[in-house]
Engineer: 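Below: one structure in structure tokens.
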Amino acid sequence: MWSRTNRAAEEFYVRLLQEFDEEKKGICKDPFIYELLEKEETSHVEELQSEETAISDFSTGENVGPLALPVGRARQLIGLYTMAHNPNMTHLKINRPVTALPPLWVRCDGSDPEGTCWLGAELIITNNIITGIVLCMVTCKADKNYSVNLEDLKNSHKKRHHLSTTVKHDSAAVDQSMECLLTVRGDLDFAEQLWCKMSSSVISYQDLVKCFTLIIQSLQHGDIQPWLHSGSNSLLSKLIHQSYHGTMDTVSLSGIVPVQMLLEIGLDKLKKDYICFFIGQELASLNHLEYFISPSVDAQEQVHRVQKLHHILEIVVSCMLFIKPQHELLFSLTQSCIKFYEQNPLDEQHIFQLPVRPTAIKDLYQNEKPQKWRVEINSGQKKVKTVWQLSDSPPVDHLNLHKPGRDGL
């Protein structure tokens, strides 16, 4: 039996490698799609085959029909693919080192109790060495007569998971909560009040020039002596501080200078708003935020860092709104985001891991009606992770799925 299985694994790998080398020319990394040809007899399809006959009808061409394999046969093929790439299977008559082939996906007929429609295997490669394999299974209790294309399935998955890792499915509620949490501060200095007025009233470059011209003239004549917060390096702040001593530099309000001045006071305003929120909510200290609010870098880099800080704010507010975690969890999440963005560029698709005790979100799962349940189990030393995910929606949009009531889940 084992010799037959070994021989089947060797033959299957050789056929895949030949397909990869000849038709793909070793460049394309598209997955192999395994399906039955339409010309195959029904009795042949339904039988659970031996390892040798399981690979006899392999095809990856475009003449593949819509028929799928029984789950038993599909598992055989996935097993052969896994054996061939296992570095411990040194007894197999395969040239070493083993060439890492593209992923293998096998279409299933869904005749098993789980309603399996796809089985897949994708290699994990580190430093050009095969270090593991991810086994995938897509199940659905739906109409089996409709043949789903793998690429459509993958695109549908991407669409369903395109949102950022935060809970942004109700962006209006998030925006409203941010407005409530970022209340208008009572200690706005002259530059901040000016930015608020200009952001709502200035609609053209000419308006911008007129506004700054009026302010500079008033400073030169001593008509105003506005108050400012300390720590600002903006050009307008420098001019205001100079006006206290009766001497001011000459500034030509041409080119991008007025825009640059508006950007500088806007950045100062946003930084102070974020500082007020994170410190006021006791989620971070001024030292924690130093990287994001530092004026020692150029304006473009300051913009990038403020964008990162805004994303952290979105994540925290979303969790406060939808999950309502305890303060220590919010603090841990905030610190995790801060450490990540101190070393990485803005990435709204990044997944921030936050271990949560079930008791901390007891009210959430007792009172809410989730759309999806997911659990991950790690096996420890063997470094195997199994993920189960239960949803009340079909994995692809076009399948007709009978949707029972919540009580039937």
Engineer: Between His327 and Leu283, which heavy-atom pair has the shortest distance, and what is it?
Structural biologist: NE2-CD2, 3.9 Å

Engineer: If every non-hydrogen atom of Leu208 is compared with every non-hydrogen atom of Met198, which pair is closest and at what distance?
Structural biologist: CD1-CE, 3.2 Å

Engineer: Between Glu301 and Arg305, does any side-chain N to carboxylate O distance fall below 4.0 Å?
Structural biologist: yes

Engineer: Once the angle between the rings of His350 and Phe340 is folded into 0 to 90°, is it parallel (under 30°), tilted (30 to 60°) or perpendicular (over 60°)?
Structural biologist: parallel

Engineer: If I take atom CZ from residue Phe278 and atom CG from residue Leu309, how far apart are they, to the nearest 0.5 angstrom?
Structural biologist: 5.0 Å

Engineer: Is there a side-chain contact between Val303 and Leu263 (heavy atoms, below 4.5 Å)?
Structural biologist: yes

Engineer: Are there more than 12 heavy atoms of other residues, nucleotides or ligands under 6.0 Å from atom CD of Glu328?
Structural biologist: yes

Engineer: Roughly how far, to the nearest 0.5 Å, is NZ of Lys269 from CG of Asp189?
Structural biologist: 10.0 Å

Engineer: Which heavy-atom pair separates Cys337 from Phe352 by the least distance, and what is that distance?
Structural biologist: CA-CE2, 3.7 Å

Engineer: Output the distance between atom CG (Leu92) and atom OH (Tyr13), rounded to the nearest 0.5 Å.
Structural biologist: 10.5 Å

Engineer: Centroid-to-centroid, Tyr274 to Phe292, below 6.0 Å?
Structural biologist: no

Engineer: Run the side chain to side chain contact (heavy atoms under 4.5 Å, CB included) test on Leu80 and Glu11 for me, step by step, so that the C-alpha distance in whole Å, both residues' side-chain angles and the decisive distance to 0.1 Å come before the verdict.
Structural biologist: CA-CA 9 Å; Leu80 299 179; Glu11 293 177 2; over 6 Å; no

Engineer: Strictly distance-based, threshold 3.5 Å: is any side-chain N or O of Asn127 a donor or acceptor partner for the main-chain N or O of Ile129?
Structural biologist: no

Engineer: Provide the closest heavy-atom pair for Pro258 versus Val209 in the form atom of the first, atom of the second, distance.
Structural biologist: CG-CG2, 3.9 Å

Engineer: Could you please spell out the steps behind the side chain to side chain contact (heavy atoms under 4.5 Å, CB included) verdict for Val317 and Phe277?
Structural biologist: CA-CA 11 Å; Val317 171; Phe277 170 79; 4.3 Å; yes

Engineer: Would you indicate whether the side-chain heavy atoms of Ile293 and Leu286 approach each other to under 4.5 Å?
Structural biologist: yes

Engineer: State, yes or no, whether a side-chain contact exists between Ile240 and Ile224 at a heavy-atom distance under 4.5 Å.
Structural biologist: no

Engineer: Taking Tyr205 for its side chain and Ile256 for its backbone only, find out whether a donor-acceptor pair lies under 3.5 Å.
Structural biologist: no

Engineer: Roughly how far, to the nearest 0.5 Å, is the SG atom of Cys108 from the CG atom of Leu77?
Structural biologist: 9.5 Å

Engineer: Which heavy-atom pair separates His85 from Thr99 by the least distance, and what is that distance?
Structural biologist: NE2-O, 3.5 Å

Engineer: Would you mind reporting whether Leu219 and Met248 have side-chain heavy atoms less than 4.5 Å apart?
Structural biologist: yes

Engineer: Calculate, to the nearest 0.5 Å, the distance between atoms CG and CG belonging to Leu17 and Leu101 respectively.
Structural biologist: 6.0 Å

Engineer: So, His311 and Gln307: side-chain donor and acceptor under 3.5 Å apart, yes or no?
Structural biologist: no

Engineer: May I ask you to test the Leu135-Thr82 pair for a side-chain heavy-atom distance under 4.5 Å?
Structural biologist: yes

Engineer: I'd like to check Val306 versus Lys271 (side-chain heavy atoms, cut-off strictly below 4.5 Å). Are they in contact?
Structural biologist: yes

Engineer: Please round to the nearest 0.5 Å and tell me the distance separating atom NE2 of His310 and atom CG of Leu270.
Structural biologist: 9.0 Å

Engineer: Do Leu236 and Leu194 pass the side chain to side chain contact (heavy atoms under 4.5 Å, CB included) test, and can you show the C-alpha distance, the side-chain angles, and the key distance before you say yes or no?
Structural biologist: CA-CA 11 Å; Leu236 180 61; Leu194 176 65; 3.6 Å; yes

Engineer: Keeping the roles fixed (side chain from Ser336, backbone from Ser332), state whether a donor-acceptor pair exists under 3.5 Å.
Structural biologist: no

Engineer: Should the heavy atoms of other residues, nucleotides or ligands under 6.0 Å from CG of Asp298 be counted, would the total exceed 12?
Structural biologist: yes

Engineer: Can you check whether Leu330's main-chain N or O pairs, donor with acceptor, with Thr334's side chain at less than 3.5 Å?
Structural biologist: yes

Engineer: Does a side-chain heavy-atom distance below 4.5 Å link Ile215 with Phe190?
Structural biologist: yes

Engineer: Within a 6.0 Å radius of atom CD on Gln335, are there more than 12 heavy atoms belonging to other residues, nucleotides or ligands?
Structural biologist: yes

Engineer: Heavy atoms only: give me the nearest Asn233-Lys238 pair and the separation to one decimal.
Structural biologist: O-CE, 3.6 Å

Engineer: Does the side chain to side chain contact (heavy atoms under 4.5 Å, CB included) test come out yes or no for Val316 and Gln281, once each step is laid out?
Structural biologist: CA-CA 11 Å; Val316 172; Gln281 296 290 327; over 6 Å; no

Engineer: Say whether, by atom type as modelled, one donor and one acceptor occur between the side chain of Ser199 and the main chain of Cys196 under 3.5 angstrom.
Structural biologist: yes

